[in-house]
Amino acid sequence: MDNNNNNKNINNNESNNNKDNLCDIDDKNKIDDENVLYRLSLNPNKGGLQNVDKEKINKIIYEVSKGSAFFKNAKEKEKAHFEKIKEIKKKYLFLKNQPMEYEKQQMKNIMNKMESDRDLSQYIVHVDMDAFYASVEELDNPELKNKPMAVGSKSMLSTANYEARKYGVRSAMPGYIALKLCKNLIIVPTRFERYHELSHQIRNIIANYDPDYCPASIDEVYLNITNFLNDNPNYTPSKVTEELREEIYKQTRLTASAGIAPNICSDMNKPNGQTELKNCTDEILKFLKDLPIGKVSGIGKVAEKTLNELGIKTCGELKENMVYIKELFKPSSYQFLLSASLGLGRTKIENKWKRKSISVERTFSNTSEIQKLEDKLHEISCKLANDVKKENLKGKSVTLKLKTSSFEILTRCLTISKYIYQQEDLYKVGKKVKFIYIIFF
DNA sequence: CAACGAAGGACCC
DNA sequence: TACCAGGGTCCTTCGGCT
């Protein structure tokens with residue numbers, strides 16, 4: 001599916017020079033709503049959407065959102081994040097004034113070592129279906145083609161077709177907001193069974209090129225075509241990928257995009273196209289130099305903004321600043337960012353996925369009636385027991401998640417001594433957990 | 001007293 | 001009219017026990 005984490009700052013008309021911003025961190029103690037909008041990831045910046053009138057779209061979204069409890073909550077989050085950023089900036093400014101000679105040399109050594117360990121022997125392909133759910137709906141109902149359409153509900157959209165995107169409609173956008181952007185938008189409900197059916201079909205095609213492919217989501221797969229290339233010397237990586245996409249289209253009438261690279265870091269593709277990154281260090285570094293950090297899978301809007309505020313917008317800049325990142329971030333974040341800055345992903349892909357949790361959640365209208373809450377608990381425990389049974393699972397830790405009317409998320413967990421799977425037990429434990437939050441209020 | 005479980009977040013689709 | 005999902009994974013922080 002399309003990921004929408006490539007947001008840019010919403011107020012790109014204003015002076016956004018981060019080098020300047022670094023100096024007036026204390027003046028900037030007001031959280032403006034534009035920052036909140038940025039956080040909501042409601043600003044359309046998706047590839048292939050150059051024609052949309054961002055200004056107008058943002059205005060509409062803002063008008064619909066402002067004042068809502070959801071918006072208020074986002075504002076609170078933004079405030080907290082802002083404080084964090086302030087701290088980091090302070091440290092950053094301090095470090096910038098230090099010589100850091102030793103650390104710089106050390107970083108150089110670390111990077112050299114990682115560079116020399118770079119594995120360029122593998123050809124990894126990342127296949128990603130274009131607007132998957134929407135395309136499936138068009139496939140089954142061709143009348144929807146060329147009309148603005150999105151899959152989901154009034155409250156939330158999963159994905160939008162390209163016609164709808166012209167209006168600024170996109171995935172993870174509430175349907176009622178989308179309707180404000182596009183009055184004629186057709187919203188069709190999701191049909192997961194159907195998507196899974198096609199997903200299965202697509203994976204079977206992919207298995208012909210790599211039986212050990214790794215599904216990344218319902219519409220995304222990683223595969224290693226190195227063996228295939230060895231067995232078929234007349235193929236090139238891009239020819240294999242072309243053929244694979246062609247085959248998917250032939251059998252399903254759905255288009256896919258793909259990225260080819262020496263590791264599974266690549267995610268740069270356009271609708272119905274493919275991008276190849278040659279197995280060569282210079283190519284990779286050139287590609288990364290101007291790649292916005294938000295494009296990297298794993299860097300979401302929070303991390304993106306944090307880094308942006310340090311003046312780091314591209315992977316190239318990230319690489320240049322790794323000495324500071326090492327001091328400013330937690331070890332695991334640092335490790336991740338270091339790999340990202342060098343364009344190092346895994347070169348081994350595994351498909352041994354093991355489920356670690358299973359869950360059911362439902363959002364309902366505001367209530368403080370205990371009976372209604374218990375009814376909901378009953379409802380989700382039934383669905384959960386059903387799902388658990390289907391997968392032949394059992395568990396001994398039950399977490400109850402509660403979203404308040406102000407969009408706060410609370411979770412309470414209870415671990416018991418024996419494994420359970422039956423609805424009655426799930427409900428019973430759930431009720432016990434629930435007690436905790438009833439006392440809470 | 002460190003390991004650990006619980007709660008909260010960030011992220012992805 | 002009013003209105004922002006649901007299903008996962010992984011990481012960090014924190015505190016009361018063993």
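All chains are named by letter (A, B, ...) in the order of the sequence lines, taking the proteins before the strands, and each is independently numbered beginning at 1.
- The side chain of A/Thr363 contributes an N or O atom lying less than 4.0 Å from OP1 or OP2 of C/dG6.
- Contact annotation for A/Lys403: backbone-only contact, meaning every heavy-atom pair under 4.0 Å involves sugar-phosphate atoms and none involves a base.
- Contact check, A/Arg362 against C/dG7: a side-chain N or O comes under 4.0 Å of OP1 or OP2.
- Summary of the strand contacts: A/Glu391 and A/Asn366 both lie near DNA chain C, and taking for each the nucleotide with the nearest heavy atom, the more 5' one is attributed to A/Asn366.
- For the residue pair A/Thr347 and A/Gln122, no side-chain donor N or O sits within less than 3.5 Å of a side-chain acceptor on the partner.
- Interface remark: the A/Ser297 side chain does not form any donor-acceptor pair with the B/dC11 base, using a distance-only criterion of under 3.5 Å.
- The side chain of A/Lys301 lies closest to B/dC11, out of B/dC11, C/dT13, C/dC11.
- Each of C/dG7, C/dA5, B/dC13 was ranked by its minimum atom distance to the side chain of A/Asp219; first place goes to B/dC13.
- Using a 4.0 Å cut-off, some side-chain N or O of A/Thr411 falls inside it from OP1 or OP2 of B/dG8.
- As rounded to whole Å, 10 Å separates atom C1' of C/dG8 from atom CD of A/Glu361.
- For A/Phe407 and A/Ile358, each mapped to the nucleotide of DNA chain C holding its nearest heavy atom, the one lying further toward the 5' end belongs to A/Phe407.
- Ring planes of A/Tyr133 and A/Phe192: perpendicular class, angle over 60° (limits at 30 and 60°).
- Side-chain proximity of A/Thr415 to B/dG5, C/dC4, C/dT9: nearest is B/dG5.
- To the nearest angstrom, C1' of B/dC12 lies 8 Å from CD of A/Glu220.
- Look at NZ on A/Lys79: it is 15 Å from P on B/dG9, rounded to the nearest Å.
- The same atom, P, is picked in B/dC11 and in C/dC4; the two are 22 Å apart, to the nearest Å.
- Contact check, A/Lys154 against C/dC4: no side-chain N or O comes under 4.0 Å of OP1 or OP2.
- Taking 4.0 angstrom as the limit, A/Ser217 places none of its side-chain polar atoms (N or O) nearer than this to OP1 or OP2 of C/dG8.
- Phosphate contact (OP1/OP2 of C/dG8, side-chain N/O of A/Arg355, threshold under 4.0 Å): present.
- For A/Glu103 and A/Lys326, the salt-bridge test fails: no basic side-chain N is under 4.0 Å from an acidic carboxylate O.
- Between C/dT13 and B/dA2, the distance separating the two C1' atoms is 15 Å to the nearest Å.
- For A/Ile299 and C/dT9, the CD1 to P distance is 22 Å, given to the nearest whole Å.
- Separating the NZ atom of A/Lys305 from the P atom of B/dA10 is a distance of 13 Å, rounded to the nearest angstrom.
- Listed nucleotides: C/dC3, C/dC10, B/dA6. Nearest to the side chain of A/Cys413: B/dA6.
- Here A/Ser359 does not reach the OP1 or OP2 of C/dG6: none of its side-chain N or O atoms lies under 4.0 Å away.
- When distances run from any side-chain atom of A/Ala303 to the nucleotides C/dC3, B/dC11, C/dA5, the shortest one goes to B/dC11.
- Note on A/Lys301 versus A/Glu304: no salt bridge recorded, every NZ/NE/NH1/NH2 to OD/OE distance being 4.0 Å or above.
- Residue order along DNA chain B, read from the 5' end via each residue's closest nucleotide, puts A/His81 first among A/His81 and A/Ala216.
- Within the 4.0 angstrom heavy-atom criterion, only backbone atoms of the sugar-phosphate kind lie near A/Val360; the bases stay farther away.
- Under the 30°/60° scheme for interplanar angles, the aromatic rings of A/Tyr222 and A/His126 are found to lie parallel.
- Of the candidates A/Gln423, A/Lys428, A/Lys431, A/Gln423 is the only one forming a side chain to side chain donor-acceptor pair (under 3.5 Å) with A/Ser381.
- Between the A/Asn161 side chain and the A/Ala164 main chain, a donor and an acceptor come within less than 3.5 Å of each other.
- Nucleotide C/dG6 holds its P atom 10 Å from the CD atom of A/Glu379, rounded to whole Å.
- Atom P of nucleotide C/dG6 and atom CG of A/Leu400 are separated by 14 Å, given to the nearest angstrom.
- Side-chain proximity of A/Ser65 to C/dC4, B/dG8, B/dA6: nearest is C/dC4.
- Atoms NZ (A/Lys396) and C1' (B/dG5) sit 12 Å apart, rounded to a whole Å.
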